[in-house]
Amino acid sequence: MTSKEYMDLTEEHVLHTYNRFPVVFEKGEGVYLTDVDGKQYLDFGAGIAVFALGYGNQDYNNALKEQVDHLIHTSNLFYNVPLAQAAEKLTKATGLDKVFFTNSGTEAIEGAIKAARKCAWLKDKNAEKAGKDAAGSCENVAADDPAAEEAHTNYELIAMNHSFHGRSVGALSVTGNPHYQEAFRPLMGGVRFAEFNDLESVKSQVTDRTCAIILETVQGEGGIYPATPEFLKGVRALCDEKDILLILDEIQCGMGRTGSWFACQQYGVQPDIMTCAKALGCGIPVGAFVLNEKTAKASLVPGDHGTTYGGNPLACAAVSKVFDLFEEQHIIEHVQALTPYLEQQLDALVETYDFLSVRRGKGFMQGIVVEGRPVGEIVTRALENGLVVLSAEGNVLRLVPPLVIEKEDIDEMIKRLKASF
Ligand SMILES: *Cc1c(COP(=O)(O)O)cnc(C)c1O
């Protein structure tokens, strides 16, 4: 079949929720993708910040093949070997205590929201109970007591404008993009929006009902905005002061992309709950939300949350192997070492071309603001020139390459990008 025929067949049967570029990829090798016509593309998109290890990594592939032959799925009614291994490695890398594996980033956000609300609900219930006790009543507030339900008043979340957390109803409700939300109202209630990198704006949204603040350490879809240290530390301090949970969405910026396991570690800020996905399984669909001890103890218990696939042996074997390979191949050190060169080359582009105004980013998560011409045009031209780049909100050219790129890949990217201008 020709690529045109594959495209037509796809459009005939797949719900048209994406305007796809006219390329049919067939295989990958290192940092290059090949389409069905044999044309090669240097990949600076990595399947949207997913394929960190590059394509055709034999150690990774073999680990998956081995797991396929052992066991693919068991359900969460039982224990399995890769689950234990992946959970140990992820909690160690995050510095948090308990993990729940999901099948996507969106589901990790859903779980984080539920964990935060459960925490708040228990706090309310205990406060209610303490109040009654203080008044001389020994009445126990059972979980299904309407009084306990009424007491659940601190359910509000604060999210950021221009954030992106996913497309399910819950995740969409904390996604600060009216365009994505418009047709699907009413969404989940109790969400207030603040300005990213504006601590006063966040403070102004805090009420006595606030249970959690959710934000990306580096906003991705919204246009590659790293949090400022003052902002992130300020939000952490605010949460501590008001007994509010901090949820950091590290789905795009985590897993080594910014030069540390998780971006928040460069700020010295720990969340109460962290969400991961994208590069966590390097292409196997898997996400996770990870909680600190305090939140884990006071939130979800059996009956509160579940998933059939989540944490299955195949997905966890991928996660486990990704952690091993990151260590063996010194991926994080590599990102740190090569970031100055990447930034230097991109800054030189911004200086050279009038229609490029600003570079923003951290590590291998970089954005360049394009003025006066649609970024989509550049992305299309780049594809014609054998280069995959992405865009983000605000007419931003987004570069999120595999974390194994070398200096010559950066040079080649710059060459192909220049040709596309
Ligand atoms: C991609 C992304 C999500 C959603 O993850 P999916 O795997 O697409 O469900 C959530 N938050 C951020 C920051 C993301 O970049």
Side-chain angles (χ1 to χ4, degrees), residues 15 17-18 45-52 90 94 100-116 157 159-177 180-181 184 187-188 191 193 196-197 212-227 232 246-258 261-264 271 273-290 307 309-312 315 318-319 322 360-367 390-394 396 398-401 403:
L15 188 66
T17 56
Y18 283 95
I48 316 187
V50 169
F51 225 104
L90 180 55
T94 53
F100 182 103
F101 284 107
T102 65
N103 312 292
S104 67
T106 301
E107 286 166 85
I109 297 291
E110 292 292 330
I113 293 172
K114 279 182 71 177
L157 290 127
M160 303 300 133
N161 289 323
H162 304 288
S163 61
F164 182 83
H165 299 293
R167 307 291 200 144
S168 63
V169 172
L172 187 57
S173 303
V174 290
T175 288
N177 187 329
Y180 289 165
Q181 295 182 333
F184 308 102
L187 295 168
M188 180 183 83
V191 183
F193 285 94
F196 190 70
N197 277 342
I213 298 175
I214 180 167
L215 58 101
E216 296 150 90
T217 313
V218 182
Q219 284 194 335
E221 305 301 313
I224 316 291
Y225 287 94
L232 200 62
L246 175 60
I247 304 171
L248 288 183
D249 182 346
E250 291 255 353
I251 289 171
Q252 188 162 157
C253 61
M255 290 305 290
R257 179 146 299 279
T258 67
W261 275 114
F262 297 95
C264 59
I273 306 174
M274 189 195 288
T275 57
C276 320
K278 291 204 162 85
L280 180 61
C282 275
I284 291 291
V286 59
F289 61 98
V290 199
T307 162
Y309 282 142
N312 96 1
V319 173
V322 166
R360 284 191 297 259
K362 248 184 177 345
F364 285 4
M365 183 172 179
Q366 296 286 341
L390 308 177
S391 61
E393 202 186 309
V396 171
R398 174 168 44 153
L399 304 169
V400 283
L403 304 185

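Both counts, for ligands and for their atoms, begin at 1 and track the order of listing. Values reported hereafter were calculated over all heavy atoms of this structure, with side chains retained and with hydrogens, waters and symmetry mates removed. Just so we're clear, the structure is a prediction, and the values are computed from it rather than from any experiment. We number each residue from 1, following the sequence as shown.
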* Is it true that atom CG of Leu187 has more than 12 heavy atoms of other residues, nucleotides or ligands lying nearer than 6.0 Å? -> yes
* **Counterpart residues, side chain to side chain donor-acceptor pair (under 3.5 Å), relative to Glu216 (two or more places apart)** => none
* Relative to the ring of Tyr180, is the ring of Phe164 parallel (under 30°), tilted (30 to 60°) or perpendicular (over 60°)? -> perpendicular
* Would you say the side chains of Glu107 and Ser168 form a donor-acceptor pair under 3.5 Å? -> no
* Identify the two heavy atoms, one from Arg398 and one from Ala392, that lie closest to each other, and give their separation to 0.1 Å. => NE-CB, 4.0 Å
* With hydrogens left out, which residues have an atom under 4.0 Å from ligand 1, given that only heavy atoms count? -> Ser104, Gly105, Thr106, Phe164, His165, Glu216, Asp249, Ile251, Gln252, Lys278
* Asked: Taking atom types as modelled, is there a side-chain donor on His162 or Gln219 under 3.5 Å from an acceptor on the other?
  -> no
